[in-house]
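Okay, structure first, notes after.
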Amino acid sequence: GARVVISGTGAAALEWVRDHQPDLLILDLKLPDMDGAELLSRMVASGHEAPVIIFTDYPDGELMHRAMQYAPLTVLAKPASRAKLVDAVRRATWMG
């Protein structure tokens with residue numbers, strides 16, 4: 001029952017979020033045009049309040065620590081099983 005939209009760049013994601021206000025955002029920290037912490041910062045500044053799941057290879061890295069200052073997050077380290085991702089989505093949307 002969910003609509004999934006995939007963006008290849010931070011700029012495309014930011015534009016889509018501004019126009020549509022999604023119920024949940026799943027975000028990688030490594031993007032081709034900006035890092036995930038910068039994207040999250042811009043989304044929060046534009047009024048985005050939906051739950052965020054960070055899906056990353058770097059759960060203990062500097063980018064993760066920067067991203068944590070902008071919003072409450074659920075963090076999934078790659079690789080994560082489908083079951084873990086589905087569980088994180090259920091918890092995030094239930095809490096959001």
Side-chain angles (χ1 to χ4, degrees):
R3 178 178 177 204
V4 176
V5 176
I6 299 171
S7 296
T9 66
L14 187 59
E15 182 177 333
W16 197 89
V17 166
R18 285 181 181 157
D19 292 342
H20 296 90
Q21 292 295 312
D23 295 323
L24 173 68
L25 178 69
I26 300 174
L27 175 64
D28 196 332
L29 292 178
K30 298 283 186 166
L31 302 168
D33 58 341
M34 70 179 79
D35 64 55
E38 176 66 21
L39 175 59
L40 187 54
S41 168
R42 291 182 186 191
M43 287 182 179
V44 169
S46 70
H48 180 266
E49 296 181 5
V52 177
I53 297 173
I54 299 286
F55 196 55
T56 183
D57 286 323
Y58 310 97
D60 298 318
E62 184 267 334
L63 277 178
M64 185 69 246
H65 293 288
R66 283 187 28 227
M68 291 174 69
Q69 69 182 326
Y70 298 111
L73 307 170
T74 299
V75 180
L76 285 178
K78 291 180 184 176
S81 68
R82 179 183 174 155
K84 284 185 179 181
L85 178 59
V86 168
D87 183 56
V89 168
R90 284 185 179 139
R91 283 184 285 120
T93 54
W94 177 76
M95 293 169 51

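Applying the side-chain contact (heavy atoms from CB on, under 4.5 Å) rule to V86 yields the partners R82, R90; only residues at least two apart in sequence or on another chain are considered. By the side-chain contact (heavy atoms from CB on, under 4.5 Å) test, A50 is found to be paired with H48, residues two or more places apart in sequence or in another chain being considered.
Under the 4.5 Å side-chain heavy-atom criterion for Ile, Leu, Val, Met, Phe, Trp and Tyr, L73 and L14 are members of the same hydrophobic cluster. L85 and V5 fall into different hydrophobic clusters, defined by Ile, Leu, Val, Met, Phe, Trp and Tyr side-chain heavy atoms under 4.5 Å apart, directly or through other members.
Shown here for L24 and A92, the closest heavy-atom pair between the two residues is CD1-CB, 3.8 Å. In plain terms, the two heavy atoms of P32 and G8 that are nearest each other are CG-O, 3.3 Å. When all heavy atoms of G10 and M34 are compared, the closest pair comes out as C-CE, 3.9 Å.
Atom CG of D23 is surrounded by 12 or fewer heavy atoms from other residues, nucleotides or ligands within 6.0 Å. Within a 6.0 Å radius of CD in E49, no more than 12 heavy atoms belonging to other residues, nucleotides or ligands are found. Within a 6.0 Å radius of CD in Q21, other residues, nucleotides and ligands contribute more than 12 heavy atoms.
Looking only at side-chain heavy atoms (C-beta outward), V17 and P22 come within less than 4.5 Å of each other. Counting heavy atoms from C-beta outward, K30 and T56 have side chains that stay 4.5 Å or more apart. Using a 4.5 Å heavy-atom threshold, the side chains of V75 and M68 count as separate.
Of the options L27, I26, L76, L25, a side-chain contact (heavy atoms from CB on, under 4.5 Å) to I54 is made by L27 and by none of the others.
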(request) Decide side chain to side chain contact (heavy atoms under 4.5 Å, CB included) for V52 and M43; before the verdict, give the C-alpha distance in whole Å, the side-chain angles of both, and the deciding distance to 0.1 Å. (result) CA-CA 11 Å; V52 177; M43 287 182 179; over 6 Å; no
(request) Test D28 against K78 for side chain to side chain contact (heavy atoms under 4.5 Å, CB included), laying out the working first. (result) CA-CA 10 Å; D28 196 332; K78 291 180 184 176; 2.6 Å; yes
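Distance check, rounded to the nearest 0.5 Å: CD1 of I53 to CZ of R91 gives 8.0 Å.
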